[in-house]
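Read through the structure below, which is laid out as structure tokens, and then see the notes.
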Amino acid sequence: MLPPLLPLLLLLLLLPFPSLSSPPPRPIRGVNLGGWLVLERYISPSVFAVTNCTVSPSPNPPLPCAPIQPYPADERQLASLFASRALARAHLEAHWSSFVSEPDIAAIAASGLTHVRVPVPHWMLGDVKPDEPYASGQWPHFERVAGLCREHGLQVWVDLHTAPGSQNGFDNSGETLPKPTGVGWSGSVENVDRTLRIIGSIAEAINEGGLADVVTGFGVLNEPFKGENEAQVKDFYDRALRLLRDTLDNKETSVYIGDMFDAARFADFWQTPEYKNTYLDSHYYHVFASTPRAFSPRQHIAYVCEHNRRDLEGCCEGEGLRRIMGEWSASFDTLVCAKLDDVMASYAATGKFLEAGRQIPPERQKFLRKFVEAQMVVWEGDVSDGWFYWNFKMEGGAFAEWDYLRGVREGWIPTFSSPSETALSRFGTCESLIFEVDDSMSIVHQFPPPGDAAPDWQDVGADDDVVLSHGDSLTWGDDESNAVMKSIKDKGEWGGLIFILVLVGSIWHCCTKRRHDYTAISGSDDTNANSNLRV
């Protein structure tokens, strides 16, 4: 007869169990409202497709209107084209008022997300110098969308996405520099101090707007570049945190900081209890370096399981600073900044954006689904409290893999019915997902082609056995032991622990019962003895 605890053992093995050091029961699941208040050309290219009639309207415009070539690459260049700030603001108001709508917010909430991250510019509240062309006026639109998020049960994390002088030289900093660098920001005491004043002004506007209940997170600066002076950046973070704790009405507001593309630098930073509700914000992508763009489908997932997870777990296991994945996407084989030139050139020549109606083939969608699931599992891991997908939507189809709401509609991004449902319990381990995809390279369309890309500043390599073997190294060794370990891993750490405890308990119960039965029958007749032994 089976020991009485064995049925319980079998039942327990069928149930999902959280990790022993699991994140909170309600992981942060969010999406970015990118390309809205801070413009990015690949997200909303129509805003940049200006003509001479757009930038200098007149009662009798020259006909036909001619596209301005080359099109502006960033918001500073765009604003500089207009005859006045008022004209630039009029052009942008139409975008600010329409790009994020109530149906968008409703759809985000209906998909099971809990948060949105909102990139905002440093000139939002009017801190603009005479020699700067930027158009302010974004704040009323931010308030409008924050109100919609409140109505739909979403929390808002504001993110200061730009800084005076540019913190990284990327277009998302407001201006594109010849090469990635943040020295124009971090190397200027004036610009750093100005950034802190802007942070304080935004915090005061949140208080005055009665938004403390819905704006529950504040990012002090997006993606300071990795080459900046670490001590200066950390000093800025310290000052920004003190300022926000002193200013914001909601003292529990989560404050998050960029990892400078190297999380290991922060392994000993803010690790004590007074830094509760602080996060190190990381952005993991597979498209901004040539090596991962050339990966096979299984290698992409293996890279998430091994390289990305190791980097994620390399910091922040103290009682203060935690991890958050502030940006990630399903895009895996196309360098957007390279293809964007073709997209814009197509519009200038034909009035239509390249691949505007592009459809994603079913086999590619199948991979995207598993790629997304693997990332969700890892981003909800032991030291990370959740994630924000980039981006909520995209114009056109050239960069459709970045489009969260499209992914939800087409089924290659999963939704969640309960905030407490874990990605691990829903999808299994990251490693198990490697073997759920076809490893055919037929769905990989690397752009630009190998050898045509510019040098990678990220220096991404693939030196992991699991990645190099396309996951096969996970099956090397003794088949039986691998099968047992995989079964335990698929149930999570609690499943493995409970498996061992219940198994030991069952053996103990069996042995002690036999011992009790032996003692009981030692003085009985043979009939009773045989009866007990059959039991």
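All heavy atoms count here, side chains included; hydrogens, waters and symmetry mates do not.
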Less than 3.5 Å apart, any donor N or O on the side chain of [X] or [Y] sitting next to an acceptor on the other?
X	Y	answer
Ser173	Ser166	yes
Ser331	Trp402	yes
Ser384	Arg322	no

Under the rule for side chain to side chain donor-acceptor pair (under 3.5 Å), what residues qualify as partners of Lys234, not counting sequence neighbours?
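By the side chain to side chain donor-acceptor pair (under 3.5 Å) rule, Lys234 matches Glu230.
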What pairs with Gln375 under side chain to side chain donor-acceptor pair (under 3.5 Å), at least two apart in sequence or on another chain?
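Once residues adjacent in sequence are excluded, Gln375 has no partner under the side chain to side chain donor-acceptor pair (under 3.5 Å) criterion.
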Does the side chain to side chain contact (heavy atoms under 4.5 Å, CB included) test come out yes or no for Glu143 and Leu211, once each step is laid out?
CA-CA 8 Å; Glu143 287 186 301; Leu211 301 177; 4.2 Å; yes
Pick out which of Arg358, Lys339, Arg406 makes a salt bridge (charged side-chain N to carboxylate O under 4.0 Å, His left out) with Glu401.
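In the set Arg358, Lys339, Arg406, the residue that makes a salt bridge (charged side-chain N to carboxylate O under 4.0 Å, His left out) with Glu401 is Arg358.
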Can a donor-acceptor pair be found, under 3.5 Å and without considering hydrogens, that links the side chain of [X] to the backbone of [Y]?
X	Y	value
Arg41	Glu75	no
Thr114	Arg29	yes
Gln167	His161	yes
Ser346	Asp342	no
Glu208	Ala205	no
Asp385	Pro27	no
Asn191	Gly184	yes
Thr247	Leu243	yes
Arg293	His286	no
Ser101	Ser98	no

Look at the aromatic rings of Phe266 and Tyr237 and report parallel, tilted or perpendicular, splitting at 30° and 60°.
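Phe266 vs Tyr237 ring planes: tilted.
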Classify the ring geometry between Phe261 and Phe170 as parallel (under 30°), tilted (30 to 60°) or perpendicular (over 60°).
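Answer is perpendicular, since the angle exceeds 60°.
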I need the minimum non-hydrogen distance between [X] and [Y], along with the two atoms involved.
X	Y	result
Asn250	Ala212	ND2-O, 3.3 Å
Ala73	Asp171	O-CB, 3.9 Å
Pro164	Ile198	CG-CD1, 4.5 Å
Arg76	Asp74	N-OD1, 3.1 Å
Arg85	Val128	NH2-CG1, 3.3 Å
Ala330	Leu368	O-CD2, 3.5 Å

Is the shortest side-chain heavy-atom distance between [X] and [Y] below 4.5 Å?
X	Y	value
Phe99	Val47	no
Asp403	Phe399	no
Phe388	Asp281	no
His91	Leu81	no
Phe269	Asp238	yes
Val287	Val336	no
Ile105	Val145	yes
Met376	Trp328	yes

Can you list every side chain to side chain donor-acceptor pair (under 3.5 Å) pair that touches residues 386-396, not counting sequence neighbours?
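For residues 386-396, and leaving out neighbouring residues, the side chain to side chain donor-acceptor pair (under 3.5 Å) pairs sorted by first residue read Tyr42-Trp390, Ser46-Glu395, Asp104-Lys393, Glu380-Trp387.
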Presence of salt bridge, [Y] and [X], under 4.0 angstrom:
X	Y	value
Glu190	Arg194	no
Arg239	Asp193	yes
Glu373	Lys370	yes

Step by step, work out the salt bridge (Lys or Arg N to Asp or Glu O under 4.0 Å) result for Glu363 and Lys366.
CA-CA 5 Å; Glu363 291 305 311; Lys366 289 179 183 178; 3.1 Å; yes
With Ser254, which residues qualify under side chain to side chain contact (heavy atoms under 4.5 Å, CB included), at least two apart?
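Applying side chain to side chain contact (heavy atoms under 4.5 Å, CB included) to Ser254 gives Trp157, Asn277, Tyr279.
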Test of understanding: with side chain to side chain contact (heavy atoms under 4.5 Å, CB included), list the residues that count as partners of Glu151, not counting sequence neighbours.
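For Glu151 the side chain to side chain contact (heavy atoms under 4.5 Å, CB included) partners, ignoring immediate neighbours, are Leu148.
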Report the C-alpha separation of Leu33 and Ile108 in whole Å, then their side-chain angles, then the decisive distance to 0.1 Å, and conclude whether the side chain to side chain contact (heavy atoms under 4.5 Å, CB included) test is met.
CA-CA 11 Å; Leu33 304 186; Ile108 289 169; 4.0 Å; yes
Between Trp379 and Tyr284, is a ring-ring contact (aromatic ring centres under 6.0 Å, His included) present by the stated rule, with each step listed?
CA-CA 10 Å; Trp379 309 158; Tyr284 292 166; 5.5 Å; yes
Can Asp333 and Arg364 be said to form a salt bridge (Lys or Arg N to Asp or Glu O under 4.0 Å), step by step?
CA-CA 11 Å; Asp333 60 0; Arg364 188 173 172 99; 2.9 Å; yes
For Tyr347, is the OH atom crowded, meaning more than 12 foreign heavy atoms sit under 6.0 Å from it?
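Result for OH/Tyr347: open.
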Over 12 non-hydrogen atoms of neighbours within 6.0 angstrom of NZ in Lys179
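Open: at most 12 neighbouring heavy atoms sit under 6.0 Å from NZ of Lys179.
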Test applied, side chain to side chain contact (heavy atoms under 4.5 Å, CB included); reference residue, Gln155; option that passes from His115, Arg150, Arg117:
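The passing option is His115.
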For Phe142 and Trp36, I'd like to know if the aromatic rings sit close, meaning centre-to-centre distance below 6.0 Å.
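For Phe142 and Trp36, the ring centres are not under 6.0 Å apart.
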For this output row, return yes or no: ring centroids of Phe218 and Tyr256 closer than 6.0 angstrom.
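Judged by ring-centre distance (under 6.0 Å), Phe218 and Tyr256 do not meet the cut-off.
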For Phe332, check ring pair (Phe, Tyr, Trp, His ring centres under 6.0 Å) against everything at least two apart and list the hits.
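Listed in chain order: His300, Phe367.
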Starting at CG of Leu78, measure out to CG of Leu92 and round the result to the nearest 0.5 Å.
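Nearest 0.5 Å value for the CG-CG distance: 6.0 Å.
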In Å and rounded to the nearest 0.5 Å, what is the CD1 to OG1 distance from Ile68 to Thr54?
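Going from the CD1 atom of Ile68 to the OG1 atom of Thr54 covers 7.0 Å.
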May I have the step-by-step check of side chain to side chain contact (heavy atoms under 4.5 Å, CB included) for Lys226 and Asn168, ending in yes or no?
CA-CA 8 Å; Lys226 65 177 184 178; Asn168 52 36; over 6 Å; no
Chi angles and distances behind the side chain to side chain contact (heavy atoms under 4.5 Å, CB included) call for Cys65, Asn52
CA-CA 6 Å; Cys65 298; Asn52 56 337; 3.8 Å; yes
